[in-house]
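See below for the structure under consideration.
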Amino acid sequence: MSHWAETREINIFQCLDYHFEYTECDVLGSRWRVAIPNKADTCTGLPDPVKGTQCTFSCSEGEFLDMRSQKCQKCAAGTYSLGTGVAFDEWDSLPTGFVTQGVTVNDWNAHTDCSNSTWTPKGDYVASNMDECTATLSYAVSLKKPGTVFFEYFYPDNSIYFEFFVQNDQCQSTASASRWMKISEKDWSQHTVELNKGNNVLYWRTTTYTVLDSAVKPVLLRNIAISGVAYTSECFHCKPGTHSTKPGSARCAPCPADTYSTKGATVCHQCEQGKYSEAGSGSCKPRPPCTNSDYFYTHTPCDSEGKTQLMYKWIEPKICNETIEGAVVLPASGEKKTCPPCNPGFFVTNSSNCEPCTSGFYSNGTACTECPVGTEPVVGFEYKWWNTIPTIPLLTCALFNLFLFVMTAWEVAGEYVYTTPGDQDTDYLMLILNVPGYSLPQSTVKDRERSELSRITFVFETICSADCKLFFLAGYNEWNNNIVERWNGSNRKQSYSYLIQSNSTVTFAWTFQRTGKFNTERKYSADVAKIYSIYITNVVGGVASQCRRCAVSSGKADSACVPCPAGHYMVNRTGECKSCPPNTFIKAQHPVGQAACIQCGPNTIRNKAYSSCLSDCTLDMQTRGGTLLRYDFSPLSNVTGFNSSPRFTSKGLRYFQHFRVGLCGKEGQVPATCVDNVTESGREVRGYVCQSTVVPSEIRSQSIVSSQPFLIGDSLIGVTTDTTLGGISSPHGLFPATSGLPDVIFYYKSSETTQACKEGRSATIRLRCSPTVTAKDHITMPSNCSEGTCDGCSFHFLWQSQHACPLCTKNHYKEIVSACIQGIQRTTYVWQQPLQCYGGESLPAQKVSACVPLDLWLKFGVSTGSIAAVLLVGLSCYFWKKTRKLQYKYSKLKMTTGGKECELPTADSCAIMEGEDAEDDLMDLTKKSFFTKMKSFSREFQQVSLKTDCGCELILFIVKDLDLRREF
């Protein structure tokens, strides 16, 4: 213990006994140092008063004020000082200035005597009461300047109310909101409160509201330090078990285990052979001989061969001696045994470890099996084999002995988990189970009121030779548990079950205490508690040992029921799955019957997840005339934003309705997003079409403000040129057309319903071919509905773009052939007008080919005609001349015959005049050219054809003709 009293220094000056003190500070903050006799009327010749230090003067930590020199000096080794503070760290008795008392606060319990219900010093700390009374610990201090109070506390039990508050000169207390101490989490907590200058009274008060004998854990208090007092004129010796090695120490350090120190020590001394000490001890104790109670056994994790080793360990810290007569030695470790099987819901890995089965699977501890369709796993945690302390859920063990926690309070032993010996027989050995929460199975969701939320069941046994106790606790964390049940002494192996009725009950603890009687030695280490199995049902994230039939028609997204594979439906809840027809999708989480399969709309395809339909931005459309039109809207697939016409508030603030559209795209396409950046919620909606209200930056002089987002279309109904689809219409009158090419209409639907739109919102987007519009965001709204809707539920938009035109084909252009100029002819291709296509096939390049000019053929024809005419004239003249000769010969012949019919002249003169060359012609016929032969032939033929009067002569000419032909 160390504290500041009135500062003084005892001096012996010759025969005089006096000490120095400071006077009260005056209004200027100054004071005088005066000598005060220790006994009245015994001292003479005292030193004269001298001017003292300023009232604000103080020394640093590790220093004290030497009143003779009025200067700060460092504390010697083995001592310490807080400078301007006072500290209390020894609690063998209540330090001077502390007051404790106990009172009753319940009128109905007025007969209870609380005079002994006080705070009790325990050496290193002071402990509160554990009965139904209220215990108060107080200390009054006067501060020369503002300071603080610091203390450490351990507050593990919420069965006790623990508060700390300060009253000032006017008896005003600390604010009620900050006076209640928080539950300690496994270790000592620290608390600091600022103090005002002047008088302060500090109060620590506890009130127990439930009586559970030794199960109530007291509040512990230690290391109280107060700063802001005047000064200290002396240093304080370190208490036994601590030391300070250097001058100027502000605190003393505890000695380690197996060492000790006396008061004011500068070093710690090693214990003698055969003795031991705990950390911070002022003396050493003899080591007793080791017994069977000084060690315990445990199992190692399973190795790759599925074996575990039995290991024996000394209880730490080891205080016994195994070398003296009568002591036992530690049994040999390393005996191999077959590992126990995994717990239900777990499976054995290749490395012989146990891992939990994934969701939707169950196991008996060997291998995981998938639950059949239409069933759900019965989730929970069941532990009946103990090779390691499970970590799923979090299962921890701790030793609580009012000072610290040791995580080896329970050890595994294959078929059970048991308590190990603690440091003291009064230790609380805790096994703590934490679970994340509970969830009712889907099969009981309709009968929630009569269904159990959860139940925990465990099998245990206690073997005791003293007044041991086993507590079972439940609460919302491991340090805020309530005792559910308690067992005293030895108890045979039995089962206990507890019904869990609240989702806030997520922590369970089994606490074992060998005895409530304090003793310094371990006498009952052999007393033990064993837990054979723990089973808790309906745990969130639990594992399953079996599956059961569930209500598959609920359709809840968080259902644990095993559904059919994607694109399949269940046949009459039999567990048999059948595939949906082609190009259909399923909305229900657990579809039953083929009616759950929904056909995709026109020109849409099902996605891979079978959950919706989409358009890949391509379209083939047959016109009424039979022409095939092909579209590619990919350039318009990116999310596009546009605004309505401006609106104004009553104060003139301009705002817009901002729309965002994700027209189409393949699976994984980024959807249109509208956000709320005004409120803290930051709400965001995603879909094909959405709307939000925005205020432009030029109005607010900051970034654009967007609010009130909502979805207009989150599913694509279909793509067609029809004006009605799925109960949604897009009348022609909203956007009158100027061309004969039909508009392509995208139909969207939103599943969100409102009071005004009980069927949900819908949207139609007309794509109109405009080859001259190059912009990709030329979207307009109906002239009579400037915000895109006339009723707030149905929205209509017109999107004009060259990318909305069908792809160009050969039918969209024609060819023009030029005249043949200088042997060259050109073929040019041009678009049909008006042009109603874009992209696709391009215009072919101009073709150039060789040709024969027209004037050449004309010259050739004229020349040929001229030659033919000359030849014809020549032949005509020739035959006219020959005809004249024949007529002459004929006349002459006729005259020669004298007019007798059929009477020929002699051969010598038959129609041949002297000097004619007829015979020469016949003789040379074969020797002449083809043209000459033709002329001769013609001549012979003419001769025959002119002879008509006499048959005799006609026969002669025919014979000659035959000869000629034979000759020819």
Side-chain angles (χ1 to χ4, degrees), residues 297-311 334-397 410-418 431 433-436 438-439 441-443 454-461 493 495 497 508 530-550 559-565 575 577:
Y297 65 91
T298 184
H299 290 78
T300 62
C302 294
D303 56 23
S304 59
E305 299 177 353
K307 300 291 184 179
T308 180
Q309 297 185 46
L310 187 63
M311 307 296 292
E335 179 184 356
K336 286 193 174 185
K337 293 184 177 181
T338 302
C339 284
C342 293
N343 285 302
F346 292 76
F347 69 97
V348 182
T349 64
N350 294 333
S351 57
S352 298
N353 294 325
C354 294
E355 295 291 339
C357 294
T358 57
S359 177
F361 288 76
Y362 70 98
S363 82
N364 59 359
T366 54
C368 298
T369 305
E370 187 174 7
C371 288
V373 172
T375 66
E376 63 180 341
V378 183
V379 296
F381 286 101
E382 182 179 3
Y383 295 106
K384 59 182 181 180
W385 301 108
W386 304 90
N387 187 54
T388 58
I389 293 293
T391 57
I392 304 177
L394 182 59
L395 190 63
T396 57
C397 52
W410 293 71
E411 281 290 347
V412 295
E415 295 182 353
Y416 56 85
V417 59
Y418 71 100
L431 182 68
L433 172 66
N434 292 301
V435 296
Y438 314 97
S439 177
Q442 193 64 38
S443 57
S454 181
R455 180 181 292 272
I456 184 170
T457 304
F458 59 92
V459 178
F460 71 97
E461 179 185 19
K493 187 177 180 180
S495 174
S497 182
F508 306 93
K530 299 180 181 180
I531 295 180
Y532 291 89
S533 66
I534 300 174
Y535 179 47
I536 183 169
T537 63
N538 300 339
V539 179
V540 174
V543 295
S545 59
Q546 59 180 330
C547 301
R548 60 187 166 197
R549 186 69 59 189
C550 57
S559 172
C561 287
V562 179
C564 289
C577 296

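Between I531 and V459 there is no side-chain heavy-atom pair separated by less than 4.5 Å. Residues N353 and V348 form no side-chain contact, since every pair of their non-hydrogen atoms from C-beta on lies 4.5 Å or further apart. Residues D303 and T308 are not in side-chain contact: their nearest non-hydrogen atoms beyond the backbone lie 4.5 Å or more apart. Between V378 and R548, some side-chain heavy-atom pair lies under the 4.5 Å cut-off. Between N387 and C302, some side-chain heavy-atom pair lies under the 4.5 Å cut-off. With contacts defined as side-chain heavy-atom distances shorter than 4.5 Å, the pair V543/V379 does not qualify. Looking at R455 and I536, their side chains never come closer than 4.5 Å, going by heavy atoms from C-beta outward.
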Problem - Residues V417, K530; criterion side-chain contact (heavy atoms from CB on, under 4.5 Å); working and verdict - result: CA-CA 6 Å; V417 59; K530 299 180 181 180; over 6 Å; no
Exercise for the section: Apply side-chain contact (heavy atoms from CB on, under 4.5 Å) to the pair E335 and L310, showing each step before the final yes or no. Expected result: CA-CA 5 Å; E335 179 184 356; L310 187 63; 4.1 Å; yes
Practice task
Decide yes or no on side-chain contact (heavy atoms from CB on, under 4.5 Å) for I456 and F508, but give the supporting numbers first.
Solution key: CA-CA 9 Å; I456 184 170; F508 306 93; 4.1 Å; yes
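Not a single ring pair (Phe, Tyr, Trp, His ring centres under 6.0 Å) links Y438 to another residue, sequence neighbours left out. Residues passing the side-chain contact (heavy atoms from CB on, under 4.5 Å) test with A413 are Y297, H299, Y416, Y418, sequence neighbours excluded. Scored by the side-chain hydrogen bond (donor to acceptor under 3.5 Å, both in side chains) test, S439 finds no partners at all (sequence neighbours excluded). S359 pairs by the side-chain hydrogen bond (donor to acceptor under 3.5 Å, both in side chains) definition with nothing, not counting sequence neighbours. With sequence neighbours left out, Q309 forms a side-chain contact (heavy atoms from CB on, under 4.5 Å) with T300, M311, K336. S495 meets the side-chain hydrogen bond (donor to acceptor under 3.5 Å, both in side chains) test with no other residue; sequence neighbours excluded.
Distance OG1/T369 to CZ/F361: 8.5 Å, rounded to 0.5 Å. Rounding to the nearest 0.5 Å gives a distance of 5.5 Å between OG of S545 and CD of E382. We find the CD1-CZ distance between I534 and F458 to be 8.0 Å, quoted to the nearest 0.5 Å. Atom OG of residue S533 and atom CZ of residue F460 lie 11.5 Å apart, to the nearest 0.5 angstrom.
Nearest heavy atom pair, residue C342 against residue G365, reads CB-O, 3.2 Å. Y362 and Q546 make their closest contact through CB-N, 3.8 Å (heavy atoms, listed as atom of the first residue, atom of the second, distance). Closest approach of T298 and E411 over heavy atoms only: OG1-OE1, 2.7 Å. Pairing each heavy atom of C547 with each of P377, the nearest pair is SG-CA, 4.0 Å. Scanning both residues, P436 and V540, for their nearest heavy atoms gives CG-O, 3.1 Å. Pairing each heavy atom of P340 with each of W385, the nearest pair is CB-CE3, 3.7 Å.
The backbone N or O of F347 sits nowhere less than 3.5 Å from a side-chain atom of S363 that would complete a donor-acceptor pair. Between the side chain of S454 and the main chain of T537, a donor-acceptor pair closer than 3.5 Å is present. W386 contributes a side-chain N or O that, together with a main-chain N or O of Y532, makes up a donor-acceptor pair within less than 3.5 Å.
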